[in-house]
Amino acid sequence: MIVELAGAAWVLPVAALLLVASALLILYRLLRGPGHPDRVVALDALTLVAVASMALAALFRAQAVLLDVAVLLALMSLIGTTAFAFLFREESAEHEARNEKEKKP
């Protein structure tokens, strides 16, 4: 089944250009981020741009299998971000415990 999208001739290329612009801005933040949490958020945003790109490619090529790839990429991004949050929480707790020991006379 093929579905024609109204305005697809100009909307899809504009959406692709906006995704490229977003990816460039996010790459700047990924490279220049002041800390690890900023870089992880940038990486998570970059994977969201990749998911949107897969969905856009599915529309361009009229292949629904690319949507499965987008869903798997989104799930992997969720797992990675959750793992980083868990590790960062433990590291932060250890850092606070060290600071408490140093404050006591």
Side-chain angles (χ1 to χ4, degrees):
M1 178 172 84
I2 296 177
V3 178
E4 288 292 323
L5 297 174
W10 67 273
V11 172
L12 295 179
V14 168
L17 285 174
L18 290 174
L19 283 173
V20 168
S22 298
L24 291 175
L25 290 171
I26 292 168
L27 278 173
Y28 175 77
R29 176 51 53 200
L30 182 65
L31 297 174
R32 295 278 300 185
H36 291 297
D38 296 318
R39 289 188 170 106
V40 169
V41 169
L43 190 61
D44 193 37
L46 195 59
T47 56
L48 288 177
V49 169
V51 168
S53 299
M54 284 291 145
L56 196 62
L59 288 173
F60 268 126
R61 296 177 180 253
Q63 292 182 351
V65 72
L66 292 176
L67 294 176
D68 295 337
V69 174
V71 169
L72 287 174
L73 184 59
L75 286 173
M76 293 302 292
S77 173
L78 172 71
I79 291 169
T81 304
T82 305
F84 175 79
F86 181 73
L87 292 174
F88 184 71
R89 184 182 69 184
E90 287 181 356
E91 183 180 299
S92 178
E94 290 173 3
H95 183 67
E96 287 178 15
R98 269 188 267 131
N99 284 343
E100 287 295 325
K101 286 182 181 178
E102 290 175 0
K103 287 182 183 178
K104 290 183 182 179

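Hydrogens, waters and symmetry mates are skipped; everything else that's a heavy atom, side chains included, is used.
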Just how far is it from atom [atom1] of [X] to atom [atom2] of [Y], taken to the nearest 0.5 Å?
X     : Y     : atom1 : atom2 : answer
His36 : Leu43 : NE2   : CG    : 13.0 Å
Leu24 : Leu46 : CG    : CG    : 10.0 Å
Arg61 : Leu66 : CZ    : CG    : 7.0 Å
Arg39 : Arg32 : CZ    : CZ    : 9.5 Å
Asp44 : Leu30 : CG    : CG    : 11.5 Å
Ile26 : Leu48 : CD1   : CG    : 8.0 Å

Closest approach of Ser77 to Thr47 (non-hydrogen atoms, all atoms of both residues): OG-OG1, 2.9 Å
Nearest non-hydrogen partners of Val49 and Ala23, listed with the distance: CG1-CB, 4.1 Å
Pro13 vs Leu17 side-chain heavy atoms within contact, under 4.5 Å: no
Any donor-acceptor pair under 3.5 Å from Thr82 side chain to Leu78 backbone: yes
Phe60 atom CZ, neighbour heavy-atom count above 12 within 6.0 Å: yes
Trp10 reachable from Leu59 in the ILVMFWY side-chain graph, under 4.5 Å edges: no
